[in-house]
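Right, one structure below, let's go through it.
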Number of protein chains: 2
Amino acid sequence: MAILPSQSLAARLHQHGFKLTRARRAVILALEEAARPLSIADLHTAAQAHAADIGLVTVYRTLEVLAGLGLVRPVHLLDNCHAYALCSPGHTHHVICQRCNRVVEIEGCDLSAYLEEITAITGYHITGHWLEIAGLCPECQRAGD
Amino acid sequence: MAILPSQSLAARLHQHGFKLTRARRAVILALEEAARPLSIADLHTAAQAHAADIGLVTVYRTLEVLAGLGLVRPVHLLDNCHAYALCSPGHTHHVICQRCNRVVEIEGCDLSAYLEEITAITGYHITGHWLEIAGLCPECQRAGD
DNA sequence: TCCTAATTGAAAGATTTTTTCAGTTCCGGG
DNA sequence: CCCGGAACTGAAAAAATCTTTCAATTAGGA
């Protein structure tokens with residue numbers, strides 16, 4: 001069973017002049033399989049399934065590259081302050097299940113009315129925002145608490 | 001929605017049965033004076049203006065107490081992941097100036113329509129959200145970029 | 001004022017992140 | 001298909017960050 005990283009991810013890496021190495025493939029695959037935020041340590045473990053000898057340092061460096069390209073995003077919700085999740089290019093938000101950590105990505109948020117109100121009140125010129133949403137995914141709702 | 005006035009954290013601490021020590025007073029004063037998120041190290045330095053021999057460990061412990069009471073909140077600005085800022089009890093958001101780091105606190109956000117939309121799309125039962133807004137404060141707009 | 005438990009700073013310990021470096025791998029050009 | 005060289009890698013060491021431990025001190029009620 002050879003899972004390959006999504007073409008767009010590999011392509012984007014290559015577009016920016018980065019090499020698509022065995023170690024980077026392992027990190028990307030691990031993130032895609034997890035479909036939830038992973039701590040650096042967990043990601044390291046998960047990546048070892050694809051490249052047994054990958055070093056922790058390489059996980060740090062790969063995340064740095066991916067985050068720089070906007071392909072990965074640090075997720076700060078709850079107590080796991082240094083987790084990372086894949087994200088689509090463009091503006092999206094993460095909805096995170098607080099029980100199983102599963103993540104759904106939402107795009108096309110329309111906060112403009114809210115942000116205009118904030119501009120009116122504070123006088124700030126708003127340039128960006130960061131929103132994370134916590135809840136229970138359908139499965140965990142059924143599973144009870 | 002309103003801008004909240006700063007409050008006397010010392011009084012609130014005491015209300016919850018914690019001792020109001022010299023070290024804690026120093027940390028609280030430093031946070032009130034800064035009016036922006038401070039890293040632990042910066043907070044330690046700032047607190048030393050009020051209690052010259054305060055230890056870094058005590059800063060950690062004081063933040064733990066204050067965060068537990070919801071009087072202080074970790075702020076995860078992109079490059080300063082472990083900063084802390086005062087916050088009022090209840091549900092508020094921070095608007096952060098990306099040039100000078102000044103923070104304005106906003107309460108009474110109305111994202112309910114947006115959150116209902118997300119519930120409809122994802123099936124998640126939304127329990128909470130966490131929003132940070134970045135921009136330029138009025139002064140920094142005037143100062144140019 | 002006195003008493004007690006909470007709190008403190010320093011030091012040691014643990015963990016996390018970054019730097020360094022010599023060897024390896026990717027990949028475009030022959 | 002195979003070179004060559006820059007990008008990349010893992011390991012080790014170093015640095016930074018955070019936590020634990022403990023004896024001494026302090027806040028605040030009696």
Side-chain angles (χ1 to χ4, degrees), chain A residues 4-5 7 9-30 37-69 71-72 74-76 78-84, chain B residues 8-31 37-69 71-72 74-84:
Chain A
L4 293 175
Q7 201 50 45
L9 251 171
R12 276 181 76 83
L13 256 190
H14 194 255
Q15 258 172 30
H16 287 84
F18 292 99
K19 290 185 178 175
L20 184 54
T21 63
R22 176 175 153 75
R24 283 178 182 158
R25 251 192 301 263
V27 169
I28 293 170
L29 283 175
L38 292 180
S39 69
I40 299 248
D42 288 348
L43 183 51
H44 182 209
T45 302
Q48 287 178 324
H50 302 287
D53 57 349
I54 189 174
L56 181 59
V57 191
T58 298
V59 177
Y60 276 98
R61 288 187 284 221
T62 300
L63 283 176
E64 197 177 352
V65 167
L66 294 177
L69 296 179
L71 302 176
V72 143
V75 172
H76 302 287
L78 307 175
D79 28 333
N80 198 359
C81 183
H82 283 172
Y84 290 82
Chain B
S8 164
L9 289 202
R12 288 191 67 79
L13 238 201
H14 193 254
Q15 266 172 22
H16 287 267
F18 289 96
K19 289 186 178 176
L20 188 50
T21 63
R22 177 173 151 74
R24 282 179 183 160
R25 246 193 298 266
V27 169
I28 291 169
L29 281 175
L31 279 170
L38 292 180
S39 69
I40 300 249
D42 288 348
L43 183 51
H44 182 209
T45 302
Q48 286 179 324
H50 301 287
D53 57 350
I54 190 174
L56 182 58
V57 192
T58 298
V59 177
Y60 277 98
R61 289 187 283 221
T62 300
L63 283 175
E64 197 177 351
V65 167
L66 293 177
L69 294 179
L71 303 175
V72 143
V75 173
H76 304 281
L77 300 177
L78 284 181
D79 42 347
N80 194 2
C81 183
H82 283 171
Y84 290 81

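Per chain, numbering begins at 1; letters A, B, ... match sequence-line order. Scope of the values below: all heavy atoms of this structure, side chains included, with no hydrogens, waters or symmetry mates.
- In this structure a side-chain-to-backbone donor-acceptor pair under 3.5 Å is present from B:R24 to B:K19.
- For B:H16 and D:dG28, the NE2 to P distance is 15 Å, given to the nearest whole Å.
- Atom P of nucleotide D:dC18 and atom NE2 of B:H44 are separated by 13 Å, given to the nearest angstrom.
- The CG-C1' distance, from A:L56 to D:dT9, rounds to 13 Å in whole Å.
- A straight line from OH of A:Y60 to C1' of D:dA16 spans 11 Å, rounded to a whole angstrom.
- C:dT8 atom P lies 11 Å from atom CG of B:D53, rounded to whole Å.
- Counting only heavy atoms from C-beta outward, the side chains of B:T62 and B:V72 never approach each other to under 4.5 Å.
- Of the candidate nucleotides D:dT9, C:dT17, D:dC18, D:dT9 has the atom lying nearest to any side-chain atom of A:A23.
- Within the 4.5 Å cutoff, the side chain of A:H50 has no heavy atoms near those of the A:I28 side chain.
- A:R61 comes within contact range of at least one nucleobase, with a heavy-atom separation under 4.0 Å.
- B:L13 has its side chain within reach of B:V65: a pair of non-hydrogen atoms, C-beta onward, lies under 4.5 Å apart.
- Nearest nucleotide to the B:V57 side chain, out of C:dT7, D:dC18, C:dA11: C:dA11.
- Between B:K19 atom NZ and C:dA5 atom P there is a gap of 10 Å when expressed in whole angstrom units.
- Here B:R22 does not reach the OP1 or OP2 of C:dT8: none of its side-chain N or O atoms lies under 4.0 Å away.
- A:H82 places its NE2 atom 17 Å from the P atom of D:dA16, with the value rounded to the nearest Å.
- Among the heavy atoms of the strands lying under 4.0 Å from B:L20 are primed sugar atoms or P, OP1, OP2 only; no base atom is included.
- Taking 4.0 angstrom as the limit, A:H14 places none of its side-chain polar atoms (N or O) nearer than this to OP1 or OP2 of C:dC27.
- Two residues, A:I54 and B:F18, neighbour DNA chain D, and the one matched to the more 5' nucleotide by heavy-atom proximity is A:I54.
- Taking side-chain N and O atoms only, B:T21 has no distance below 4.0 Å to OP1 or OP2 of C:dA6.
- For B:I40 and C:dT16, the CD1 to P distance is 16 Å, given to the nearest whole Å.
- Judged by distance alone, the side chain of B:H44 and the main-chain N or O of B:Y60 form no donor-acceptor pair under 3.5 Å.
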